[in-house]
Protein chains: 2
Amino acid sequence: MTTQRARSGRVTIHDLARESGVSVSTVSKALNDNGRMAAETRARIKRIAAEIGFRPNALARGLLSSRSFTIGLLTNDTYGRFTLPVMAGISEALVDHGVSVFLCAIEDDPALGKVHVDAMLDKQVDGIIATGKRIDRSLPVDLAGLPVPVVYAFTAGAPESVTFTADDAQGAALATAWLKKIGRRSLVHITGPEDFVSVGERASAFAREAGGNAPVLYGIWSESWGHRAIADLWSAGGRLPDGIFCGNDQIARGVIDALRERGVRVPDDVSVIGFDNWEILAEQTRPPLTTIDMNLKELGREAGLMVLALAEGRPAEPGLRKLPCKLVVRQSCGGAGTAE
Amino acid sequence: MTTQRARSGRVTIHDLARESGVSVSTVSKALNDNGRMAAETRARIKRIAAEIGFRPNALARGLLSSRSFTIGLLTNDTYGRFTLPVMAGISEALVDHGVSVFLCAIEDDPALGKVHVDAMLDKQVDGIIATGKRIDRSLPVDLAGLPVPVVYAFTAGAPESVTFTADDAQGAALATAWLKKIGRRSLVHITGPEDFVSVGERASAFAREAGGNAPVLYGIWSESWGHRAIADLWSAGGRLPDGIFCGNDQIARGVIDALRERGVRVPDDVSVIGFDNWEILAEQTRPPLTTIDMNLKELGREAGLMVLALAEGRPAEPGLRKLPCKLVVRQSCGGAGTAE
DNA sequence: AATCGATGAGAAAACGTTTTCTCATATTGA
DNA sequence: TCAATATGAGAAAACGTTTTCTCATCGATT
């Protein structure tokens, strides 16, 4: 066999044509199931292609089709707590379609953002997904008017764009309803900074579900705040809660630690429920945390399919799409499903 | 101005040539500072290029140069605790060179790994970086004999490959020396599973630095193990440690929580030092954790520059490169720098 | 036996660059 | 004034595909 490789060291369609004794056009048509040709010829070419390991050069293909089968993912979430599940969902949804994902971590640096966006456009990405840490802040880079479709996930989108986020109100209602179902009657919501839109939505839903005078305590997204909130509540001398809905898992962790230090038993005396289902934290908490999962992977999957649809010219209704959260029952609330 | 855009909607070199009244060859040479031409012509073309926003199509360029200015990053680290800093380093190092990074999360699925590797090769990546969670396990995919250079970071590499990892022994020695410098004399090392190579290296370095009979307790990488180890130590009735070196920050967290529950003060009575500098955990621990940082971002940077060097044909010595760890002083050891 | 349609396969153009080669003109030296 | 050289710029090929067009052959229909 006289396989004379091209300079690049990779098998090209010309090598395959020579090896098969046909022209490159015939090879192309054979492999793509296009054009007319003898079934036997088609099969033979396919067989030889597999034999010599021919794989078409995506650059050449993309040059012609102006589709690169590549999308860009922009994020400013350094720790990847939110981005990573979203990314996993995107990647999972798109790998089946042969699409690869450029990951660009741009922190909060507009200059860096521009560099990355330009690099992606030069590489002819079919679309861009922007992700962040909160739905009420946008990335420090202007993505309006780009020559490719842009989809936003978990970050504020441009007007008339497609944006995905978790349904905070529904998630909060789910958590609150669960506490009530467990039999808790005196509820409190310990959450993050009031200026987060998510915080407001969750607080409203909590109030709606728990009754208007159930207290909401605003603070920061840290264990220490959860800790301090419990100290405040227990020293204030008012009516003590028996069900606590926390704005995230870190706060819940602080709350549970503080309760234990006071000799309050979780879940026997007080039920605690978190938000985020940050597994590595939720599973290590003692007891493991019952919490709300925002289905970020699913969110990523939908965002991925959406940007693909837009790239292929299929139209989509612009606007904010809220995806439902789900409850993950562990042990910090008690009444695990069947009990109660 | 009669800028007639190409079908793709993007400005091409032909548009620019027409606009400038010269040929495409001249434009190309002008922009790349190649060939001979009047300085004035060159400047004019560059000016018009900037005006109409011409950016060369990286696909077309890559087709010709067989350089795509793209690399692939393979990881099986779902939570991104190790991968994310490495990724950040790689990206940071390469963005200056115009190189973008494909992120492929392959879990532990060989089939998925192959799909992603094939997709990357089709897209003509200039090189691949494989990263993982531990240096003594390899990814579930064979990267030997690929037509592009492969660099390994924090995962086991093929023979004769270039591999980067953190210097576990040096990091452990650093931690142990710090405990001694603080004035601790009775040291113990609470760490992860014995079958991790890193665990062995750190334990040896600890023994060397702390004295041969300082105990090493092997367990798992979780808070609960740190908790239980303290329970065991305190109930065993032997000599109690005043300095504890933990195999990771999670164990340290469990250790500190367990000590507090026993009324043992950290750092007054016992100093605790962690490993990993997982900031989101280390900073939230009470007291904040003094720990060893593996410089993963720097590791990523070096891996990025290495794969670039190899892609450009520059030779490199194969073998395992161990990058030094650094000490991050917070409050869990006391004696913060100046004290003692 | 002449024409028609169907079938199989190749030639060539196209995608957007870069690079090599060629050529015309301008400049220099005698 | 003529040749030799330097200079500026364009033509064309190349990269690896896909797609459209053309053409030759063959069997079937009159």
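Below, chain A is the first sequence line, B the second, and so on; all start at residue 1.
Applying the ring-ring contact (aromatic ring centres under 6.0 Å, His included) rule to Phe102(B) yields the partners Phe102(A); only residues at least two apart in sequence or on another chain are considered. Legend: residues meeting side-chain contact (heavy atoms from CB on, under 4.5 Å) with Arg134(B), ordered by chain and number and at least two apart, are Asp136(B), Arg137(B), Asp195(B), Phe196(B). With sequence neighbours excluded, the residues forming a side-chain contact (heavy atoms from CB on, under 4.5 Å) with Thr163(A) are Ile135(A), Tyr152(A), Ser161(A), Leu320(A), listed by chain and number. Remark: Asp293(B) pairs with Asn277(B), Asn295(B), Lys326(B), Val328(B) by the side-chain contact (heavy atoms from CB on, under 4.5 Å) rule, at least two apart or across chains.
Of all nucleotides listed (dG10(D), dA9(D), dG16(D)), dG10(D) comes nearest to the side chain of Ser23(B). Here the side chain of Thr12(A) is nearest to one of dT17(C), dT17(D), dA11(C), namely dT17(D).
One can place CG of Leu31(B) at 11 Å from C1' of dT17(C), the figure rounded to the nearest angstrom. With rounding to whole Å, Ile52(B) atom CD1 is found 14 Å from dG16(C) atom P. With rounding to whole Å, Asp15(B) atom CG is found 8 Å from dG16(C) atom P. The CG atom of Leu63(A) sits 14 Å away from the P atom of dA14(C) (whole-angstrom rounding). Whole-Å rounding puts the Leu16(B) CG to dG16(C) C1' distance at 12 Å. Put simply, NE2 on His14(A) is 13 Å from C1' on dA13(D), counting in whole angstrom units. We find that CG of Leu59(B) is positioned 12 Å from C1' of dG16(D), with the value rounded to whole Å. Spacing between atom CG of Asn57(A) and atom C1' of dC15(C) amounts to 13 Å, rounded to whole angstrom units.
For residues 73-85 of chain A, the set of pairs meeting the salt bridge (Lys or Arg N to Asp or Glu O under 4.0 Å) definition, not counting sequence neighbours, comprises Arg81(A)-Asp276(A). Sorted by first and then second residue, the salt bridge (Lys or Arg N to Asp or Glu O under 4.0 Å) pairs involving residues 84-98 of chain B (not counting sequence neighbours) are Glu92(B)-Lys297(B), Glu92(B)-Arg301(B). For residues 146-159 of chain B, the set of pairs meeting the salt bridge (Lys or Arg N to Asp or Glu O under 4.0 Å) definition, not counting sequence neighbours, is empty.
For the pair Asp126(B) (side chain) and Ser68(B) (backbone), a donor-acceptor distance under 3.5 Å is present.
Thr41(A) comes within 4.0 angstrom of sugar-phosphate atoms only, judged by non-hydrogen atoms across all strands, and of no base. Within 4.0 Å of Arg55(B), counting heavy atoms only, lie sugar-phosphate atoms of the nucleic acid but no base atom.
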## Note on the structure
With sugar-phosphate taken as primed atoms, P, OP1 and OP2 and all else as base, the protein-contact string of nucleotides 18-25 of chain D at under 4.0 Å (heavy atoms; B, S, -) is BB------
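Salt bridge Asp33(B)/Lys46(B): present, at least one basic N to carboxylate O contact under 4.0 Å.
In the helix from dA1(C)-dT30(D) to dA30(C)-dT1(D), the rotation axis of the first five pairs and that of the last five pairs differ in direction by 60°, rounded to 10 degrees.
The nearest heavy atom of DNA chain C to Ala60(A) and to Met37(A) marks one nucleotide each, and the one closer to the 5' end goes with Met37(A).
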